[in-house]
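In the text below, chain A, chain B and the rest are named by the order of the sequence lines, each starting its count at 1. For the numbers below, each heavy atom of this structure counts, side chains included, while hydrogens, waters and symmetry mates do not.
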2 protein chains.
Amino acid sequence: MSRSNPRVLNTLERAGGFASAQEVYRLMQREGQSIGLTTVYRALQSLVNDKIVDILRREDGEAIYRLCGDSHHHHLVCKGCGDTIEIEGGAVEKWAKSLAEEHGFRDVGHTAEIFGLCSKC
Amino acid sequence: MSRSNPRVLNTLERAGGFASAQEVYRLMQREGQSIGLTTVYRALQSLVNDKIVDILRREDGEAIYRLCGDSHHHHLVCKGCGDTIEIEGGAVEKWAKSLAEEHGFRDVGHTAEIFGLCSKC
DNA sequence: TTTGATAATGATAATCATTTTCATTTGTGA
DNA sequence: TCACAAATGAAAATGATTATCATTATCAAA
């Protein structure tokens, strides 16, 4: 029962591999594709199950879906102006991996974001 | 206009310094304290502004408030059974600090969570 | 003490993402 | 063609959060 609707996956790809369910839905609507919001949610959930996309959270709690295989990176976010800088997370990758192993976890992912005030704010 | 209601702060402390707004509210209700949900949200928001608490997100997107000054730690969460292990994040602290400095950020915080399947799941 | 301005409170309604329900449609094999 | 399971999507339900707005508490000045 793979509900990984290819049109949804395709839209997520074209959205830069990083979008919320609502955004994917609105984008497909705008393009004239006929699809229901429910199906978008189901397709994304299915893609998550199949480990084709990751799920993260925006600051306001909205879920955003990230295509796996996208170059994995983290964010440095300014609490003042909202500016976001993509950063590498080498140290974090190693940290997450070694700790997970240490506790016998498998199939491991992680999130890591840094926030503060940028020099302008 | 400090709305940092001391009863809310006190309740958050007694909840282990780590709870959602709804939980703080329910706890106060159960204890017979008379308070409105709105006030709980406002008080927590105010505490965030005053940098007395941090705000993070549960996996389901619900906001949880963490008392600053609590011994800072991270979580290793099992996606299967929800089990959570508190872990040290030395490597992450350094990573966050050095990257923030590098980009001229100040007043810096961070989140980092690891999730996977524990040995039982 | 009375008055008045201002801030705090909380019940209620509105918002918004997400999930559930359920009837309908589609695909597929017999 | 028929039957049946899977997929779809409209509409309603859910649940956290936020906005409204009338009421109440505070407190300084008259």
_B:L9 CG to C:dA8 C1', straight-line distance once rounded to whole Å_ = 17 Å

*Spacing of A:Q22 atom CD relative to C:dT19 atom P, expressed in whole Å*: 11 Å

*After noting the C-alpha distance and the side-chain angles of B:H74 and A:H110, does the key distance pass the side-chain hydrogen bond (donor to acceptor under 3.5 Å, both in side chains) rule?*
CA-CA 11 Å; B:H74 298 275; A:H110 65 269; over 6 Å; no

*How many Å lie between CD on B:E59 and C1' on C:dA17, as a whole number?*
17 Å

*Give a yes or no on whether the backbone of B:I52 and the side-chain of B:D50 come within a donor-acceptor separation of less than 3.5 Å.*
no

*Calculate the interatomic distance between A:N5 atom CG and C:dG27 atom P; express it in whole Å.*
13 Å

*Polar side-chain atom of A:T11 near backbone of A:R7 as donor-acceptor pair, under 3.5 Å*: yes

*Check the distance between D:dA16's C1' and A:D60's CG and give it to me in whole angstrom.*
12 Å

*Under a 4.0 Å N-O cut-off, is there an ion pair linking A:E13 with A:R66?*
no

*Do any of residues 30-44 of chain B sit with a heavy atom less than 4.0 Å from DNA chain D, and if so which?*
B:L37, B:T38, B:Y41

*What distance do B:R42 atom CZ and B:L47 atom CG have between them, rounded to the nearest 0.5 Å?*
13.5 Å

_Rounded distance (Å) that lies between atom P of C:dT18 and atom CZ of A:R58_ = 9 Å

*Could you give the CG-to-P distance, from A:L47 to D:dA7, as a whole number of Å?*
13 Å

*Let me know the distance between CG of B:L56 and C1' of D:dT17, rounded to the nearest Å.*
17 Å

_Could you work out, with side chain to side chain donor-acceptor pair (under 3.5 Å) as the rule, every residue matching B:E31, not counting sequence neighbours?_
B:R14, B:Q33

